[in-house]
Each structure stands twice: as C-alpha cells, then as structure tokens.
Amino acid sequence: MVDLSSSLAGLLSFVIYFAISLVMLVVFKYVYTFITPHDEWKLVKDGNNTAAALGLVGAVVGFALALASAAANSVGLVDFVIWGVVALIAQVLAFALVRFLLMPRIVQRINDNEIPAGVVLCGVSIAVGLLNAACMTY
C-alpha cells in the first residue's frame, strides 16, 4: 500500500508548476489584449460583448492547452517557461492568421459584438492551442 508521504512526494513540484502556470495565464491575458487592436477584457467587462468574450476565452483555452503540454513534457522550470513563451507566440500568430488572412474585418466585427466572428476566433485559437500542445510532445 502506498503511504501518504509517497503520494505527496511531488506536491512541491506541483505547487511550483501550478503557480507559474497561473502567472503565465495572467501574463498571457495582458500580452494578448495589449497586442490585439481591441481590448477584449474591456469590451467584455464594460460593454457586455459576447464576441470579445468568445475570442478571449478561446485564446486563453488554446494557450492553457499548450501550457499543459509544456508542463507535462518539460525537463525543468526554465524549459517549461521557454515553451510557455512559444505557446504565447503561437496564440498571437493565430490571431494574426484570422485578422490578416481569414477574416480581415475581425477587429471591427468583434467591436460590433458579431457573435460568429467571436466563434471563428475562438475556434481557431483552440485549434492552434491543440496543435501547439501536440507538437510539444518532444
């Protein structure tokens, strides 16, 4: 039978990785909303904008998926943070892909609370996060 001390042997590592993950999620939210021409957080908080909420949540979930894979596959904390930065860059590139290639009017459509635009951005962001996560299984 496994005793309690054996079960909790990895608790410190869990706490460290989890805390760094939460910090990276917060940093991601600020970087992402700074880079996009519209402030999704402000649109959601002040304007009740569902399209912006969908776009932001998709980006955060996509980032979290890749971050989870980085945590599971990293060889140490520095490696984890480096791959977290790669995940952040991938999510910013996903937004650029939608904005410049798939839906050039995405910024205005999000500002206008057009739900389909938010859904497209959400879906692309999650898809990129999934691909990013899969590619981090080194």
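Residues N48 and V44 have side chains not in contact (no heavy-atom distance under 4.5 Å, counting atoms from C-beta outward). Counting heavy atoms from C-beta outward, N132 and L65 have side chains that stay 4.5 Å or more apart. The side-chain heavy atoms of S125 and Q91, taken from C-beta on, include a pair separated by under 4.5 Å. Contact check for F80 versus S21: side-chain heavy atoms found under the 4.5 Å cut-off. Between M136 and S74, the closest side-chain pair of non-hydrogen atoms is not below 4.5 Å. Contact of the L97 side chain with the L93 side chain is not registered, since no non-hydrogen atoms from C-beta on lie closer than 4.5 Å.
The cluster map of Ile, Leu, Val, Met, Phe, Trp and Tyr, joined by side-chain heavy atoms under 4.5 Å apart, puts V128 and V92 in the same cluster. Cluster membership check: V27 does not share its hydrophobic cluster with Y30, using side-chain heavy-atom separations under 4.5 Å among Ile, Leu, Val, Met, Phe, Trp and Tyr. Under a hydrophobic clustering in which Ile, Leu, Val, Met, Phe, Trp and Tyr are joined whenever their side-chain heavy atoms come within less than 4.5 Å, directly or via other members, I115 and L43 fall into different clusters. A single hydrophobic cluster is seen to contain both L25 and V31, as judged by linkage of ILVMFWY side chains at heavy-atom distances under 4.5 Å, directly or through other members. Linking ILVMFWY side-chain heavy atoms closer than 4.5 Å, directly or via other members, places F34 and V85 in two distinct hydrophobic clusters.
Closest approach of G84 and M24 over heavy atoms only: CA-CE, 3.2 Å. Between A51 and N49 the shortest heavy-atom distance is N-OD1, 3.1 Å. The two residues G55 and Y32 have their closest heavy-atom pair at O-OH, 4.4 Å. Contact between V107 and F95 at its shortest, heavy atoms only, is CG2-CZ, 4.1 Å. K29 and T33 make their closest contact through O-OG1, 2.8 Å (heavy atoms, listed as atom of the first residue, atom of the second, distance). In this structure, G58 and C122 approach most closely via the heavy-atom pair CA-SG, 3.6 Å.
Of the candidates V57, L56, T50, L54 forms a side chain to side chain contact (heavy atoms under 4.5 Å, CB included) with just one, namely T50.
At least one donor-acceptor pair closer than 3.5 Å links the side chain of T137 to the backbone N or O of A134.
Taking CD from Q108 and CE from M103, the interatomic distance works out to 13.5 Å, rounded to the nearest 0.5 Å. Taking CH2 of W83 as the reference point, atom CG of L88 lies at 14.0 Å (rounded to 0.5 Å). In this structure, the separation between NE2 on H38 and CG on N111 is 6.5 Å, given to the nearest 0.5 Å. With rounding to the nearest 0.5 angstrom, the CG atom of D39 is 12.5 Å from the CD1 atom of I110.
Scanning for salt bridge (charged side-chain N to carboxylate O under 4.0 Å, His left out) contacts around K42 gives D46, with sequence neighbours left out.
Residues in residues 53-77 take part in these ring pair (Phe, Tyr, Trp, His ring centres under 6.0 Å) pairs, two or more places apart or across chains: F28-F63.
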